[in-house]
Structure formats: structure tokens, C-alpha cells
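One structure is given below, encoded as C-alpha cells.
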Amino acid sequence: MIDHTHLNMAASSTTLVLDNGASSLKIGIEKETEPVSVPNCITRTKTERRKSFIGNQLDDIKDLSGLYYLLPFQKGYLVNWDTQRQIWDHVYQSLLKITPSDLNLIVTEPPFNFQSVRDAMIEVLFEEYGFSSLTLTLPSSLSSFHQLMEYPERPCTLVVDSGYSFTHVVPYYRGKALLESTLRIDVGGKLLTNHLKEIISYRQLNVMDETYVMNQVKEDVCFVSQDLYTDMRKARGKQDTNTISLDYVLPDFTSVKTGYILPKGGKQHGTSEEQILRIGNERFSIPEILFNPSDVGIHQMGIPEAIVHCISTTPKPMHRYLYSNILVTGGSTRFPGFRERVLTDVRKLAPDTYPVDVTQHDRPDLVPWLGGQKLAQEGREGAGGHLQSVTQSEYKEGGLAQCHKKFYDNQIILHSNYN
Amino acid sequence: MSGSKTRSSSDRRILDEGTRMRRHKRQLEALEKDNHHDDPHASFAHLLNKVKLPSFSDGTEKKRRKTRSNADHFKQRFRKTFQSLLEELATNNNNNVKGPSYLTAAAPPSKFPPRHFCAVCGFPSSYKCVSCGTRYCCTRCLGTHQDTRCLKWTV
């Protein structure tokens, strides 16, 4: 018989929260106000032949053109462990300077994570890094916990998490996921950037190798249209009436360090050597793919339709509460106008009698981390009771089976268990 | 000197459905790529494997070999690709492991008809290229399409 109170005493008192995203990992001790966002990749440049840049060492690169990426994730799931361990090593040792054995860890994994990936994750975190305890959960679960702490009177949350690899729509009842209703749309930030690269390369200038630069362009100029065909008409207009088109100066990494939007009507800079992209309907047709994946031939519902479909598969009494508490999170929801568009589209599709409301944090990409922070600070006695942790000694005693039981059974509701 | 515009419509090759699907699949695969170009270190790494670097200390030799074998063991156990994970899942499903999974979670097709945009300029399009099925919006864009892409990507 294990004395649980004793073990919990033995676990350390400080918690590290890690939202391990496919494009960037958000990491920080619970005491910090904000996490550090580190690119979850190893990059190589054309000029620096001998060195690879791990995570945030990307900031040291002077010439960011033609960057080559090594990513630990494939289609949203962690498969390249060598890469991931190198990045974790760097982040723990050089960036945060922490000792894992002194810390509890709250870490995220994607929905429907594969068994073998999860086993590897638990094994690496306990045996190689030696964290004193571990909580493994979904980023959307932490987001819903965050929402539950902010609005305790709302029992249900529908989390839309649009990240780098895909978008998930996950319904929650009191912090527990309804896994059978969860939907995945195979559109994320990576696909958007790649599509932008593709069409710009065809229409103007070959930028196929410039993932880093074009991702920056996407973040700087794209927005979500509130009325697609009106914006299309505007984008066709002549120079002075056209409020959509703009000129974007690409960085050359010698005189122009970062790209920027050329002010309208402003005199062009003296040198004609700058490379300028004229961005018109691409500004809104790129984020549009999230709302209509069929635009690029992906035969799946867009976000608003998926929200409605997802809610329709949940138990009826929850519908009202889910419609009135939609939370949009993840880096790909940062396009201006995203929240408003989701609201109007869902309003159009949802039954009239239900109120619809969409919440968005001002840093939607950090919400899971902030939820993890709340969990660490406010403890698991109340609303967070289902998000249990496994201590190092429990792991040694019960192995992976113990972890699966604790992490999986408490966090989800299957419809069969609902009644 | 026959530009595609001067070619008569009767001798224009028309891609069959299968080829169009393959083309489309390849385009979608391209959207999932991490990098479009090759690893700039590739040639260098290749050299490193071939050239045996001189070792300066004999003492550490034993230790190094040991750690490497540990890493190898780890690699063996966890070396998986996304494809192999999917296959593993499919066999589990065959063995009656029930419940929602990656495969069941994919969003179903939309009930709304797809919208069409010109592949050349991105504006709404009402026409389809006869040869390959790509969307275009006006004769100018059709000309560009035929001169650059149509039938130029053979599958």
C-alpha cells in the first residue's frame, strides 16, 4: 500500500508549465506572468554550414532567407524524438536554467495522441529528465480550465484550437472533454503559409524556399474577411479606391532587416533594389481556407460549420451552453476579424433560439499555458480535480499503466457514461 | 512555334479523372511539406559519416560507445513516422479496440457547395480549363494558365 499523502508531500512545490506546440513551445514556471515562446524546431541556414540553430537560437541568425527546418512534429504528432530532445535539452539547460527533478511538470499533447507517442513522452520526461511529477493533458483542456476559472457560471465550453498542424473543435463539460464529438479539420498555420508561398511564387516571385519570410508576411498582412465577395470587388479596384491591396517590402537581411508594409501613397524609398510584393486578394483568401477548406480542395467542413456539427452530436441539454460559450485559441486565430467572422457564421447556422457568443483572449496562442498556470496555482481540489498528476514514485511503482489510468480516464467523458 | 492558344481544341490532350485526382493529391501533399528545398547540410553530413575523424583521447572511447548504443536503443523503440503510427492504429482497430480515434475525428465533408476561385489571379471564377480542370476567370488568365501550368505538370 502506497501512502499517497506522503508522496504528495515529497513532490516538489514549484510547477513548470509546457505547452508543447508543433511550431512553438510555450514554457515557463507558474510564477511568471507570461511564458517564453520558443520555436520548436532546429534550423539550418545556407550561409552557416557548420552550425544548426536550436529553438530560440534562431534569433542569432542574421540572414533568415532559405531557412531549413527540422521539426519534431509530423502532421501534429511528436515523432522525431532526437530533434525534440535536443530542443528540450537546450530550453531546460541554457534558456531557463532549471533542474527538472525539482519540478512538477504540466505538459500538453494533441488530441487523439497515439499510444506509442504518449508512452515515449512519459518515459522520456520521467526517466531522462526525471521530473518529480507529471500531468499530461490536451491544450484545449487547459484552455477550457482557464475559461472555467474566468467564468465559473458557465458549465460548458466549446474550444476551437487552431494551431500549426490542424484545427480541433472540442466540447467540454465542466472541464472534461467529450471526445466522441471532437472534430479535426486538417488546416493549420503551416498549410496557410505553404499555400501563400505557392500562389505568390506562381503569381509574382519565387519564394518557395522562404518559409520564414512568408510566414512573417502572412502574420503581417492577412486578415479574415467579413464579406468575401465585397472584399473581392474592392481588391479589384484601381490604385486609389483599392483599400485591400498593399505593397510589402521583403527583407534582404542587409539593409532591410525585417519586412514591412509600404505606407500607402508614401514615396518609395530611393533604392529600386528592394523587392516588393503586391498583395491583393491573398490578404484574405489565405485565412479563408480555415472557413472553407474546399477552397484548396480539402473536402472538410470549415470552422463555423464544424462547430455547429460538433455541437449537434453532443447531448441536447448542453447545446445552449456550448453555443453561448465558444472559445477560440491557437496561433492561427490571431488574424484580425477572426472572432467576429466565427460569430456571424455560427449565428447564421445555429438554431435561432440559442444565444451565440465567442470569446477570444488577446493572446490566443498563450491560453493553454495560462490555463496550466491557473491549474498549478489554484490546485486541483476544486474545478481542476480531474486533471491529476502522477509522481515519479507512483510511476516507478505502477509504470505506464498507472499513468494512462490517471491521465485518460479522468479527463474525458464518453457519451455512454453521460447518462 | 505553336503556342497553346493557336492549337485547335480537337488535338488538345484532355486529362482523365484519375490523373486529375493524382495531381490534386500531389498539390495537397505539397501543402504539408516542412521544407521545399533540400537540407543545406546534407552534403556535409554525408561527408562526416564517411570520413573517420581522428580520435585524440583513448580513454573516452569506451564511454562514448556505450552512450551511443543507448541512443540507438531509444531510436529503435521510438523511431516511427506518422504513416507507421496510422498503420498501428488501423491494426488496433481491427483487433476491436473501440472508441474515438484520430481516424474517426476527421471533420466530414461540408454540406455547402465548394466555391471557385481563379488559379491565376485568385478572383471568383466561373470557368474550368477543358484539358485539366483548373479554374480560371477570363481569357487572359486562361492564356497564362495554358502557357505556364496546364499539362506542364505531367503525373
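Naming convention: chains lettered A, B, ... in sequence-line order (proteins, then strands); numbering from 1 in each chain.
Put simply, the side chain of A:K190 gets close to the backbone of B:E32: a donor and an acceptor are under 3.5 Å apart. Remark: side-chain polar atoms of A:R44 are not paired, donor with acceptor, to backbone N or O of B:D39 under 3.5 angstrom.
Residue with the most contacts toward chain B among A:F112, A:F166, A:Y68, A:Y229: A:Y68 (heavy-atom pairs, distance under 4.5 Å). If you tally non-hydrogen atom pairs under 4.5 Å between each of B:S101, B:P114, B:A30 and chain A, the highest count goes to B:S101. Counting heavy-atom pairs under 4.5 Å between each of A:D295, A:T211, A:I298, A:L179 and chain B puts A:D295 at the top. Between chain B and the options A:K197, A:H195, A:E48, A:R203, the largest number of non-hydrogen pairs under 4.5 Å is found for A:R203. Chain B forms more heavy-atom pairs under 4.5 Å with one residue of A:R236, A:R233, A:Q74, A:E210 than with any other, namely A:R236. Chain A forms the most heavy-atom pairs under 4.5 Å with one residue out of B:N35, B:V120, B:L86, B:L103, and that residue is B:N35.
Only the side chain of A:L228 comes within contact range of chain B, judged by heavy atoms closer than 4.5 Å. Neither the backbone nor the side chain of A:Q115 comes within contact range of chain B, judged by heavy atoms closer than 4.5 Å. Only the backbone of A:T182 comes within contact range of chain B, with heavy atoms under 4.5 Å apart. Residue contact with chain B, scored on non-hydrogen atoms closer than 4.5 Å, involves the side chain of A:N281 exclusively. Using a 4.5 Å cut-off between heavy atoms, B:L85 contacts chain A through both its backbone and its side chain. Residue B:T81 touches chain A through both its backbone and its side chain, counting heavy-atom pairs closer than 4.5 Å. For A:S52, the parts sitting under 4.5 Å from any heavy atom of chain B are the backbone and the side chain alike. If you measure heavy-atom distances from A:L78 to chain B, you find no contacts under 4.5 Å at all.
Nearest approach of B:A106 to A:L183, heavy atoms of both residues: O-CD2, 4.3 Å. Closest heavy-atom contact between B:H145 and A:Y202: CA-OH, 3.8 Å.
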* Under the side chain to side chain contact (heavy atoms under 4.5 Å, CB included) rule, what do B:F117 and A:M232 come out as? Steps first, then yes or no, please. => CA-CA 11 Å; B:F117 300 102; A:M232 280 285 183; 3.5 Å; yes

* Residues B:E29, A:K75; criterion salt bridge (Lys or Arg N to Asp or Glu O under 4.0 Å); working and verdict -> CA-CA 11 Å; B:E29 272 163 15; A:K75 287 253 201 184; over 6 Å; no

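Using a 4.5 Å heavy-atom threshold, the side chains of A:M208 and B:H37 count as separate. Contact check for A:E180 versus B:T104: no side-chain heavy atoms found under the 4.5 Å cut-off. By the 4.5 Å heavy-atom criterion applied to side chains, B:R115 and A:N292 are counted as neighbours. No side-chain heavy atom of B:S110 sits less than 4.5 Å from a side-chain heavy atom of A:Q300. Contact check for B:P108 versus A:H309: side-chain heavy atoms found under the 4.5 Å cut-off. In this structure, the side chains of A:F114 and B:K80 stay at 4.5 Å or more apart for every pair of heavy atoms.
Rounded to the nearest 0.5 angstrom, A:R184 CZ and B:Y102 OH are separated by 3.5 Å.
Ring geometry for B:F82 versus A:Y77: interplanar angle under 30°, hence parallel rather than tilted (30 to 60°).
Sorted by first then second residue, the salt bridge (charged side-chain N to carboxylate O under 4.0 Å, His left out) pairs that include residues 296-313 of chain A, not counting sequence neighbours, number zero.
Applying the ring-ring contact (aromatic ring centres under 6.0 Å, His included) test to B:Y127 and every residue at least two apart in sequence or in another chain returns B:Y136.
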